[in-house]
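Just passing along the structure, written as structure tokens.
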Protein chains: 2
Amino acid sequence: MDVAREAGLSKTTVSAALNGTGRLSAEVRAHARETARRMGYRPNATARLLRAGHARLIGFTAREYVEAPWSYLESPYLSELTHTTAQLALEHGYAMVLLPNCSPRDEWTDLPVDAVILADPEADDPLVDDFLAAGIPVFTDQRVEGRQGGYWVDIDYDAAMRSVLDHLAAQGARDIVLIAPQNDSQWAQRSMDSYLAWCGERGIAPHAVATQRPGNAAVLKAADEVLSEGPPPDALFALAEVSPPLMIDVARKHGLSVPDDVLLVCCSEDPVAAHCAPPVTTLSMQPSAIAAAGMELLLDALESGNVEPAGRVVPTRLDVRASSLRKTRE
Amino acid sequence: MDVAREAGLSKTTVSAALNGTGRLSAEVRAHARETARRMGYRPNATARLLRAGHARLIGFTAREYVEAPWSYLESPYLSELTHTTAQLALEHGYAMVLLPNCSPRDEWTDLPVDAVILADPEADDPLVDDFLAAGIPVFTDQRVEGRQGGYWVDIDYDAAMRSVLDHLAAQGARDIVLIAPQNDSQWAQRSMDSYLAWCGERGIAPHAVATQRPGNAAVLKAADEVLSEGPPPDALFALAEVSPPLMIDVARKHGLSVPDDVLLVCCSEDPVAAHCAPPVTTLSMQPSAIAAAGMELLLDALESGNVEPAGRVVPTRLDVRASSLRKTRE
DNA sequence: TTGAAAGCGCTACCAC
DNA sequence: GTGGTAGCGCTTTCAA
């Protein structure tokens with residue numbers, strides 16, 4: 001440490017001066033600080049971390065559609081989840097490393113992380129096991145419940161689905177088409193289960209179409225096909241993420257007006273929904289609330305050394321707007 | 001290192017076995033690896049990095065509208081830039097830390113980064129100076145040119161602006177309204193300069209409105225106001241990012257059809273533009289190309305220890321679609 | 001009030 | 001072929 005030599009002090013003293021620790025005379029402290037400043041000295045962060053025994057770094061990635069060459073930041077939901085998590089982490093002294101969804105498993109090995117967050121993993125995601133086996137705490141969905149080092153935040157997908165279906169039914173819809181994402185996430189799986197159950201309970205034939213890939217194009221294509229075949233349904237519920245105004249465009253293309261001819265609900269975090277014409281009813285998964293719940297769990301686990309597996313359930317929110325309100329005709 | 005004790009080897013041997021270095025017999029190597037695997041041993045990443053003398057971590061943040069409480073991932077441009085950068089970095093063995101735009105300056109100090117990327121900094125951004133002073137290479141816009149440790153990627157904003165204006169003029173537009181972002185970025189500043197110059201050269205009175213904040217709402221409000229006062233302009237060019245279909249909705253709200261009554265061009269990376277009705281002409285800043293150019297510079301600087309300041313200019317792209325094509329009436 | 005020494009976990013070097 | 005040792009840059013004892 002040549003700041004020490006330059007200041008005529010030991011490196012211990014300089015370290016203490018810079019960190020505000022130890023019992024040093026005011027002059028020595030000021031002198032050390034001044035010398036360091038003048039020399040443009042910055043303590044080596046890696047060395048401090050090694051010394052401290054932690055990394056203060058959290059890995060983050062979204063595991064939905066892992067195979068597809070897409071950027072999960074394209075999704076407003078995942079993008080908000082990512083941003084909020086990064087923000088909250090930093091407020092608590094942790095930085096967040098952004099890992100793309102499709103990266104070789106060993107890319108992670110060399111990364112000094114205290115924990116990882118895996119959003120929407122696949123069923124039996126190998127990454128979950130990898131980290132758990134490596135002793136790195138994993139924050140993900142409920143399927144890790146009960147496993148050593150597994151923490152989870154979950155959503156009441158069943159309640160969410162039913163809130164939408166009940167709302168549409170209350171508006172008089174009977175033939176409700178579900179445009180569902182086709183992947184192994186809990187979101188896709190459990191939502192579909194709930195849809196089928198709800199239809200079953202009412203003796204209604206389910207009418208679901210699946211989108212194989214993420215992105216607007218796949219959802220729009222599915223909607224287009226549904227509206228092309230036979231009489232139009234009473235309502236469309238796009239569970240797979242899509243830009244709301246584009247759904248209105250598709251309906252219009254088929255000569256259908258929203259909400260007069262077909263009701264529309266989108267599962268979306270896109271603020272565009274409130275601004276388009278007509279405003280579109282959305283089911284929000286509340287990514288910021290999920291991030292907050294997850295970060296609370298994470299900090300509790302990391303700071304207090306609390307190894308008890310823990311989990312939280314976060315509610316969703318239905319914002320009813322014009323697109324799903326049948327006009328009262330009087 | 002208790003793997004060594006367990007295997008009856010020295011930690012040196014175990015290290016060599018795991019890293020594939022040194023001259024070890026196949027059996028010893030296999031034995032060491034097997035023992036490590038069985039014990040769930042993972043080499044400490046922080047220690048390796050300290051030893052190696054680098055961090056393999058790159059800091060990233062967008063500095064536009066630093067004061068506003070917004071998430072830059074809301075912007076399709078910045079979101080694509082962020083994702084692509086992270087992706088490319090990882091492919092080259094670097095992980096990317098995501099820093100929110102509004103964070104105290106000292107949050108960064110404890111972070112072991114080899115370099116930082118500051119997208120769209122403000123004029124005289126203090127963060128630029130902080131990092132340069134700390135000897136950390138900074139990758140940002142052209143204003144760092146010539147400074148020690150400063151590398152830049154820039155866009156030919158002038159050519160971009162002119163390509164749009166020339167296109168609109170060729171379609172017969174004369175009163176072209178520019179909806180411009182109001183901030184200190186090069187993008188906002190230089191684009192506005194070019195707009196004014198272009199108008200000046202043609203003796204056309206410029207007609208620009210500024211948006212104070214990021215997000216759809218501010219741009220839509222500006223557009224709404226322009227269309228409310230007096231006769232509608234020939235064309236709208238939204239340089240500030242906005243969701244294209246919403247711009248069409250605004251025009252429609254004023255009884256104007258795109259492109260029959262008013263031509264529309266948006267500066268946007270949103271894939272929605274190609275799908276809405278009518279499809280919207282976009283000026284793309286090519287964030288992925290920017291990321292690629294920046295990463296190339298960065299790797300060259302970091303790997304080859306090349307301290308020569310360097311820079312690159314990246315082209316933009318105009319995708320002409322129906323929204324800016326005057327219908328030939330015949 | 002200050003400083004010497006130990007050690008965080010790892011790997012490169014050079015003896016054996 | 002294998003293993004002891006030194007040292008990356010820092011902070012935390014503990015002795016002076």
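Naming convention: chains lettered A, B, ... in sequence-line order (proteins, then strands); numbering from 1 in each chain.
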query: Contact class for R51(A) vs. all strands (heavy atom < 4.0 Å): base, sugar-phosphate, or nothing?
result: base
- prompt: Under 4.0 Å between a side-chain N/O of S15(A) and OP1 or OP2 of dT11(D), yes or no?
  reply: yes
query: Do any side-chain nitrogens or oxygens of S25(A) fall under 4.0 Å of OP1 or OP2 in dT2(C)?
result: yes
statement: Walking DNA chain C from its 5' end, the first of V28(A) and N19(B) to be reached, judged by nearest nucleotide, is V28(A)
- prompt: With sugar-phosphate meaning primed atoms plus P, OP1 and OP2, does L49(A) contact a base, only sugar-phosphate, or nothing at under 4.0 Å between heavy atoms?
  reply: nothing
task: Determine whether the side chains of S288(B) and E80(B) contain a donor N or O and an acceptor N or O closer than 3.5 Å.
output: yes
message: Taking only side-chain N and O atoms of Y41(A), does any of them lie within less than 4.0 angstrom of OP1 or OP2 on dC10(D)?
response: yes
T12(B) side-chain N/O to dG3(D) phosphate OP1/OP2 under 4.0 Å: no
- request: Show your reasoning for whether salt bridge (charged side-chain N to carboxylate O under 4.0 Å, His left out) applies to D154(B) and R190(B).
  value: CA-CA 11 Å; D154(B) 223 298; R190(B) 282 158 52 185; 3.2 Å; yes
- prompt: Phosphate oxygens OP1/OP2 of dC8(D): is one of them under 4.0 Å from a side-chain N or O of N44(A)?
  reply: no
- prompt: Does a donor on one side chain sit under 3.5 Å from an acceptor on the other, for Q186(B) and Q189(B)?
  reply: no
- prompt: Within the structure shown, what part of the strands sits under 4.0 Å from T13(B) by heavy-atom distance: base, sugar-phosphate, or nothing?
  reply: base
